[in-house]
Amino acid sequence: MNKNLLHIFFYITIIIVYTISIIFYGVKNINTYNIILFLFASPLVEEYIFRGLVQKNIQKKLNYTFFSYISLGNFITSVIFTACHFIAGNNFIVTILIIFPSIYLGILYDKYKSIKQPFFAHSLFNIIVFIDYPEDLLPFIMKIILIQ
């Protein structure tokens, strides 16, 4: 699959899920703290650690690529990223699905050699979490984000 088509596919998917989330769930938990945490602080810290440090250093040591666009460093980092979310959370099925956006974020990092694009995409992914989860689960979600 062409890299540009892959990017378009993921962004269209985000827009569709975001739109459906608003239609079915409405917008909840809107306050300055949550917006800053979900959309800026958490993605920035996670991308700096997982892409800027872990993936970058693994890729330097193990320069191998799957399917011409998924690096071994990306795959290993995505497994670690998913494991961190699993340790912090309880839902295995939901947590294991984190590996897919994580791999995509790693592809962005490999392509642009910067955390700017993964940070932006990560923020978009987080807005879905921000909208989808009911208010009583928000403290649990905050715990997961803050542990990382």
Side-chain angles (χ1 to χ4, degrees), residues 1-19 21-22 27-133 137-148:
M1 178 184 271
N2 182 335
K3 284 185 183 181
N4 290 333
L5 289 176
L6 182 68
H7 296 323
I8 291 168
F9 169 76
F10 276 106
Y11 285 118
I12 288 173
T13 303
I14 290 169
I15 291 167
I16 291 169
V17 171
Y18 178 74
T19 305
S21 296
I22 290 174
V27 178
K28 300 175 184 173
N29 308 315
I30 299 292
N31 64 47
T32 306
Y33 175 76
N34 291 342
I35 291 170
I36 291 170
L37 182 67
F38 273 96
L39 302 182
F40 300 108
S42 177
L44 183 62
V45 170
E46 289 178 351
E47 292 310 315
Y48 176 76
I49 292 170
F50 288 99
R51 309 292 161 221
L53 297 177
V54 176
Q55 183 172 333
K56 178 180 176 181
N57 289 313
I58 291 173
Q59 193 60 23
K60 282 182 185 176
K61 305 247 187 290
L62 307 171
N63 191 12
Y64 182 77
T65 304
F66 303 101
F67 310 115
S68 76
Y69 55 86
I70 300 175
S71 68
L72 184 58
N74 176 6
F75 182 76
I76 293 170
T77 301
S78 294
V79 168
I80 294 168
F81 184 78
T82 303
C84 288
H85 280 79
F86 181 71
I87 290 168
N90 295 344
N91 191 326
F92 177 75
I93 306 270
V94 171
T95 304
I96 203 70
L97 293 175
I98 290 172
I99 198 163
F100 298 110
S102 180
I103 287 173
Y104 175 68
L105 297 172
I107 291 169
L108 289 175
Y109 179 77
D110 284 341
K111 180 177 181 179
Y112 296 104
K113 303 294 184 229
S114 169
I115 65 166
K116 290 177 190 174
Q117 290 78 11
F119 164 71
F120 178 68
H122 194 149
S123 293
L124 289 176
F125 289 133
N126 279 7
I127 201 163
I128 295 166
V129 172
F130 185 75
I131 290 170
D132 280 346
Y133 285 96
L137 285 179
L138 188 63
F140 174 73
I141 302 299
M142 297 279 207
K143 179 184 140 209
I144 291 172
I145 290 171
L146 293 173
I147 285 177
Q148 301 164 41

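Along the sequence shown, the residues carry numbers beginning at 1. Note that the structure is a prediction, hence the values are computed from the model and not measured.
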State, with a plain yes or no, whether a side-chain heavy atom of [X] is found less than 4.5 Å away from one of [Y].
X	Y	answer
L108	K111	no
N74	I107	yes
C84	F50	yes
Y109	K56	yes

Exercise: identify the closest heavy-atom pair between G106 and Q55: O-NE2, 3.1 Å
Looking only at heavy atoms, the pair that brings I115 and E47 closest together is CG2-O, 3.7 Å
Pick out which of F125, F100, F119 makes a side chain to side chain contact (heavy atoms under 4.5 Å, CB included) with L105.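 Option passing the side chain to side chain contact (heavy atoms under 4.5 Å, CB included) with L105: F125.
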Between [atom1] on residue [X] and [atom2] on residue [Y], distance to nearest 0.5 Å:
X	Y	atom1	atom2	value
N57	I76	CG	CD1	12.0 Å
S114	F120	OG	CZ	13.5 Å
I103	I98	CD1	CD1	12.5 Å

For S71, enumerate each residue passing the side-chain hydrogen bond (donor to acceptor under 3.5 Å, both in side chains) test, keeping only those at least two apart in sequence or located in another chain.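 Partners of S71 under the side-chain hydrogen bond (donor to acceptor under 3.5 Å, both in side chains) test: Q59, D110.
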Tell me every residue that passes ring-ring contact (aromatic ring centres under 6.0 Å, His included) with Y48, counting only those two or more places apart in sequence or in another chain. none
Aromatic plane relationship, H122 with F81 - under 30° parallel, 30 to 60° tilted, over 60° perpendicular: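 Plane angle over 60°, so perpendicular.
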With a sphere of 6.0 Å drawn around CZ of F75, does it hold more than 12 non-hydrogen atoms of other residues, nucleotides or ligands?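 Open: at most 12 neighbouring heavy atoms sit under 6.0 Å from CZ of F75.
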